[in-house]
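Positions are given from 1 along the sequence. All values derive from a computational prediction rather than experimental measurement.
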Amino acid sequence: MDEKDSMTPDTIPQSTPVDGTVPAGRKNRRPVVIGVAAVAAVALVAGGVCGYRAYENHQVSVARQACQSAVTDLGKTVKLYKALLGADGTTAALKTDATSVKDAKTLDALKQAAGAETPAMVKCDASDKIGLDAAAAKADKTAKGVKAAAKALESAVKAVESSKLDKTVADADGLYKATEGNVQDEKTREALKQAIAKRDAGAIAKAVKSVNDSKAAKEKADAEAKAKAEQEAQAQAAAEAAAQAQAQQSYSAPRQSYTPSYSGGSTSGGGSGSSVPDFVPSSGGYGVGSANDCDAACRAPIQH
């Protein structure tokens with residue numbers, strides 16, 4: 001049989017048995033391919049899970065850092081607010097009396113601003129991103145509220161200080177007007193006027209003291225001058241009264257006078273029978289009296 005006949009379709013090659021079995025020298029590669037694919041799929045799934053977990057952990061870490069940053073900012077804001085609340089300016093403003101400000105409403109606003117409660121701190125203790133994001137948002141919101149409270153407190157303090165200055169200026173201006181012509185040194189009033197124009201509280205306080213001191217000095221000098229004038233007037237009045245009393249005493253000294261009296265009798269020496277007057281003393285002036293009232297010396301006859 002020739003080669004052509006041996007290559008007919010009905011001829012089964014010797015390499016392939018009739019029963020379809022694979023010769024011992026030839027391996028089946030399909031199970032191997034399926035096994036590799038399965039392993040690859042498992043590896044892919046496992047790698048995907050691990051990758052997702054790594055990504056999720058990264059997100060949680062980022063969220064935690066953001067939350068902690070927000071909490072740190074909140075702590076700083078609260079610290080600044082507490083420092084402002086305890087500052088000397090705030091303390092002095094809170095102690096201000098209503099009579100020391102021009103507008104008492106500023107004190108009410110200050111008390112309200114200073115009465116804001118300090119919020120509690122936020123904690124970043126959540127284990128997932130959602131919880132951490134919520135805590136961070138809460139810390140941010142709380143920090144904004146504290147900043148607003150601090151700003152309100154600062155504005156309230158400034159309002160009280162401004163109202164105090166307004167009252168100081170008004171009082172100083174009233175003192176300036178009331179002391180016109182009532183100070184010992186007019187330069188003190190001029191200094192006060194300049195301080196009022198500048199709205200300088202320190203300069204106003206100094207000038208007010210100087211004006212009050214000058215006013216007190218003038219009042220003292222005026223009082224001393226008035227007392228001295230009154231003493232001099234009293235001394236002069238006393239001297240005039242003494243002089244007048246002495247003059248009256250000199251002019252009112254008693255004097256004795258005699259009043260002639262004619263009795264109509266004759267003298268003892270004889271004569272033409274003419275009568276001689278008898279002199280009768282009179283205490284109130286010159287008057288006529290009887291011979292019986294006259295002393296013997298008064299009735300002595302006049303010798304011719």
Side-chain angles (χ1 to χ4, degrees), residues 72-119 140-231:
T72 300
D73 291 341
L74 173 60
K76 292 179 180 179
T77 303
V78 172
K79 185 177 180 180
L80 290 174
Y81 175 74
K82 290 182 177 180
L84 178 62
L85 187 61
D88 294 340
T90 304
T91 303
L94 288 171
K95 292 181 180 180
T96 302
D97 186 75
T99 59
S100 301
V101 294
K102 194 171 183 179
D103 185 5
K105 293 181 180 179
T106 57
L107 295 177
D108 297 334
L110 175 61
K111 291 179 181 178
Q112 183 177 359
E117 295 183 0
T118 303
D140 289 337
K141 183 178 180 180
T142 305
K144 290 180 180 179
V146 175
K147 289 179 180 178
K151 186 176 181 180
L153 178 60
E154 187 175 7
S155 298
V157 171
K158 290 181 178 179
V160 170
E161 292 175 348
S162 179
S163 186
K164 286 175 64 178
L165 182 58
D166 291 341
K167 182 68 164 54
T168 299
V169 170
D171 292 346
D173 187 61
L175 177 64
Y176 174 79
K177 294 177 180 178
T179 54
E180 184 177 1
N182 295 324
V183 293
Q184 194 174 44
D185 185 2
E186 188 63 24
K187 292 181 180 179
T188 58
R189 293 183 70 250
E190 184 61 27
L192 177 59
K193 182 179 179 181
Q194 294 178 2
I196 292 173
K198 295 179 181 179
R199 290 178 63 86
D200 188 337
I204 289 175
K206 184 178 179 180
V208 165
K209 184 178 184 304
S210 297
V211 170
N212 286 329
D213 290 344
S214 184
K215 180 174 179 288
K218 188 177 186 304
E219 291 175 349
K220 182 180 179 181
D222 291 345
E224 291 176 351
K226 182 179 179 181
K228 184 177 179 180
E230 290 178 352
Q231 290 178 356

Residue pair [X] / [Y]: nearest heavy atoms and the distance that separates them:
X      : Y      : answer
Leu165 : Ala201 : CD1-CB, 4.0 Å
Ser163 : Lys102 : OG-N, 2.9 Å
Leu94  : Ala114 : CD2-CB, 4.1 Å
Ala113 : Ala156 : CB-CB, 4.2 Å
Val157 : Gly89  : CG1-O, 4.0 Å
Leu107 : Ala98  : CD1-CA, 3.7 Å

Hey, is [atom1] on [X] packed in by over 12 heavy atoms from elsewhere, all under 6.0 Å?
X      : atom1 : result
Asp97  : CG    : yes
Glu186 : CD    : yes
Glu230 : CD    : yes

*Charged N to carboxylate O below 4.0 Å: is that the case for Asp222 and Lys226?*
no
To the closest 0.5 Å, what do you measure between [atom1] ([X]) and [atom2] ([Y])?
X      : Y      : atom1 : atom2 : result
Asp166 : Thr168 : CG    : OG1   : 8.5 Å
Leu84  : Glu154 : CG    : CD    : 6.0 Å
Ser214 : Arg189 : OG    : CZ    : 10.0 Å
Thr188 : Glu190 : OG1   : CD    : 10.0 Å
Gln194 : Asp200 : CD    : CG    : 11.5 Å
Lys111 : Thr106 : NZ    : OG1   : 10.5 Å

*Donor-acceptor contact below 3.5 Å, side chain Ser162 vs main chain Ala159*: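 A pair under 3.5 Å: no.
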*Okay, side chain of Thr90, backbone of Gly86: is any donor-acceptor separation there less than 3.5 Å?*
no
*Please name the residue in the list Asp173, Thr179, Asp171 that meets the side-chain contact (heavy atoms from CB on, under 4.5 Å) test with Leu175.*
Thr179
_Please determine whether salt bridge (charged side-chain N to carboxylate O under 4.0 Å, His left out) holds for the pair Lys144 and Asp140, giving the CA-CA distance in whole Å, both sets of side-chain angles, and the decisive distance to 0.1 Å._
CA-CA 6 Å; Lys144 290 180 180 179; Asp140 289 337; over 6 Å; no
*Can you check salt bridge (charged side-chain N to carboxylate O under 4.0 Å, His left out) on Glu224 and Lys228, steps first, answer last?*
CA-CA 6 Å; Glu224 291 176 351; Lys228 184 177 179 180; over 6 Å; no
*How about Lys151 and Lys147: do any of their side-chain heavy atoms sit closer than 4.5 Å?*
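Not in contact.
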_With heavy-atom distances below 4.5 Å as the criterion, would you say the side chains of Tyr81 and Leu153 are in contact?_
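The answer is yes, as the side chains (C-beta and beyond) meet within the 4.5 Å cut-off.
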